[in-house]
Amino acid sequence: VPDPTLFRSMRTILRTRVAAWIVGWVGIVLFVPVCAVHAATFYVDQHAPAAQQADGSAAQPFRTIQEAVDRAQAGDTVLVRAGTYRETVYFEHGGAPGQPLTLAAYPGEQVVISGADVLNGWQPKSKDERWLWTKKIPSAPGGVFVDGKPLQLVGGDPVYSKISSLAKYHTLLQPMGKGLKDMVPGTFYYDSADKTLYLWMASSKRCWPEQDAADKPKIEAAMRGPVIWGKPNISDICLRNLTVRYGTSLHQQWSLVQLRGNRMTVDHCTLEWGDYGGLGGYGDHWLVRDNTIRNNGALGIGANHLHEGL
């Protein structure tokens with residue numbers, strides 16, 4: 001006859017293990033919400049007062065997009081208030097499947113991320129050549145724009161003119177002439193030997209930029225590019241309702257926006273006046289929707305190894 005105490009012991013052990021199993025699963029179920037990622041919204045406003053303790057909240061927004069992008073994690077959104085942001089935005093990390101890291105304009109506001117700097121402090125080349133303006137800058141610009149209109153490059157592109165197979169496709173900077181003596185109204189020339197940018201305005205009414213402060217043109221030189229890019233093989237980034245313009249790719253064939261990873265979204269953006277391309281990159285499952293991509297040098301969209309993109 002089996003010992004009844006043995007059955008009681010086995011029942012006790014079984015009840016204990018079942019209870020432990022149930023408690024374990026309940027613990028897991030209860031634990032998941034605690035560990036779940038709670039999406040945050042970070043705000044950027046370049047006009048906000050400088051604050052030592054800016055935390056990206058609506059009350060204390062960051063002043064640069066890069067600060068917010070560095071702080072944001074998977075599922076978070078960065079909302080940028082109106083203005084022109086002259087900076088390079090670099091993603092050290094992306095989001096996660098179903099939880100993209102989103103960079104977008106604040107609803108109803110226009111945001112421009114520019115690779116160009118405004119150039120002031122011009123000087124005439126000489127007393128007898130006051131139609132030629134000069135300024136020292138550290139490197140060749142990807143383009144020069146006066147009140148938003150591009151000037152024609154004189155002389156060779158310092159990189160692509162040495163590579164015949166590429167120079168003919170680099171159309172935004174398709175050069176004319178060979179040097180300073182070939183300049184005409186509406187052109188610019190960069191002398192890499194003495195780091196001097198020469199400018200001849202298209203309008204005969206404007207001989208030199210400091211002549212009349214009330215009629216002073218805005219002169220911008222594309223000095224940065226890509227304007228938005230990131231670490232290779234990061235994924236799940238969403239760009240929405242942004243204008244990106246004036247990028248340079250004089251150091252390599254890259255576009256204004258250069259993303260390299262999976263599940264990227266570019267939605268309702270304007271990408272314009274990049275000296276090489278508008279949008280470039282590689283990866284799987286991209287969504288490029290309702291964008292305006294125009295006036296870029298060689299191509300609008302360029303992609304290598306892009307699979308299942310739309």
Side-chain angles (χ1 to χ4, degrees), residues 83-87 110 112-161 167-168 170-225 227 243-251 256 270-278 292 294-298:
T84 297
Y85 293 78
R86 301 183 186 278
E87 60 177 295
Q110 183 178 14
V112 176
I113 307 176
S114 175
D117 293 326
V118 176
L119 301 183
N120 295 308
W122 293 83
Q123 297 294 327
K125 182 175 182 294
S126 67
K127 293 182 179 179
D128 298 327
E129 297 176 292
R130 294 185 65 83
W131 58 88
L132 282 181
W133 309 350
T134 68
K135 181 174 178 59
K136 297 281 188 179
I137 60 174
S139 60
V144 177
F145 303 83
V146 178
D147 293 333
K149 297 180 180 180
L151 299 186
Q152 168 66 52
L153 170 68
V154 169
D157 176 321
V159 173
Y160 289 95
S161 62
K168 62 182 179 180
H170 210 237
T171 54
L172 184 61
L173 291 183
Q174 197 73 352
M176 58 170 275
K178 295 182 179 180
L180 190 60
K181 62 181 178 59
D182 297 313
M183 290 189 70
V184 296
T187 61
F188 75 95
Y189 167 71
Y190 182 72
D191 187 334
S192 57
D194 65 0
K195 308 292 185 183
T196 300
L197 177 63
Y198 293 86
L199 187 70
W200 191 338
M201 294 288 288
S203 172
S204 61
K205 294 181 180 180
R206 289 178 169 177
C207 291
W208 118 263
E210 311 298 338
Q211 181 177 356
D212 185 356
D215 192 36
K216 183 178 178 180
K218 182 166 70 173
I219 303 172
E220 299 173 89
M223 304 300 294
R224 292 178 297 278
V227 180
T243 295
V244 186
R245 65 167 62 123
Y246 301 159
T248 180
S249 65
L250 290 179
H251 304 293
L256 287 167
T270 297
L271 312 178
E272 59 185 5
W273 298 114
D275 70 340
Y276 182 72
T292 299
R294 62 191 177 192
N295 298 323
N296 296 291

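In this chain, residues are counted from 1 in sequence order. Quick caveat: nothing in here was measured; it's all calculated off a predicted structure.
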Would you check if Gln152 and Met176 make a side-chain contact, meaning some heavy-atom pair closer than 4.5 Å?
-> yes
Test: Glu220 and Arg86 ion pair at under 4.0 Å = yes
Run the side-chain contact (heavy atoms from CB on, under 4.5 Å) check on Asp191 and Leu180 step by step: do they pass?
-> CA-CA 8 Å; Asp191 187 334; Leu180 190 60; over 6 Å; no
Can you list every pair that meets salt bridge (Lys or Arg N to Asp or Glu O under 4.0 Å) and has a residue in residues 114-124, with sequence neighbours left out?
-> Asp117-Arg224
Locate the shortest heavy-atom distance separating Val227 from Ser114; write the atom from each residue and the value.
-> CG1-C, 4.2 Å
Nearest-0.5 Å distance, CG of residue Leu199 to OH of residue Tyr189 | 14.5 Å
Under 3.5 Å, is there a donor-acceptor pair between the side chain of Thr187 and the main chain of Pro185?
-> no
Carefully, step by step, assess Val146 and Leu151 under the rule side-chain contact (heavy atoms from CB on, under 4.5 Å).
-> CA-CA 7 Å; Val146 178; Leu151 299 186; 3.9 Å; yes
To the nearest 0.5 Å, what is the distance between CE (Met183) and OH (Tyr198)?
-> 9.5 Å
Going from OG1 on Thr243 to OH on Tyr85, what distance comes out if it is rounded to the nearest 0.5 angstrom?
-> 13.0 Å
Do side-chain atoms of Asp147 reach the backbone of Lys218 as a donor and acceptor pair under 3.5 angstrom?
-> yes
side-chain contact (heavy atoms from CB on, under 4.5 Å) partner of Thr270, the single match among Arg245, Arg294, Gln110 = Arg294
Shortest non-hydrogen contact between Pro141 and Phe188, atoms and distance = CG-CE1, 4.0 Å
Separation between CD1 of Ile113 and CD of Glu87, rounded to the nearest 0.5 Å = 7.0 Å
Look at the aromatic rings of Trp200 and Trp131 and report parallel, tilted or perpendicular, splitting at 30° and 60°.
-> tilted
Roughly how far, to the nearest 0.5 Å, is the CG atom of Leu197 from the OG1 atom of Thr134?
-> 8.5 Å
What's the shortest heavy-atom distance between Leu256 and Val244, and which atoms?
-> CD1-O, 3.6 Å
Do the non-hydrogen side-chain atoms of Asn296 and Tyr276 ever get within less than 4.5 Å of each other?
-> no
Minimal heavy-atom distance between Gly142 and Thr248, with the atoms involved, is CA-OG1, 3.4 Å
Just how far is it from atom CD1 of Ile219 to atom CE of Met201, taken to the nearest 0.5 Å?
-> 5.5 Å
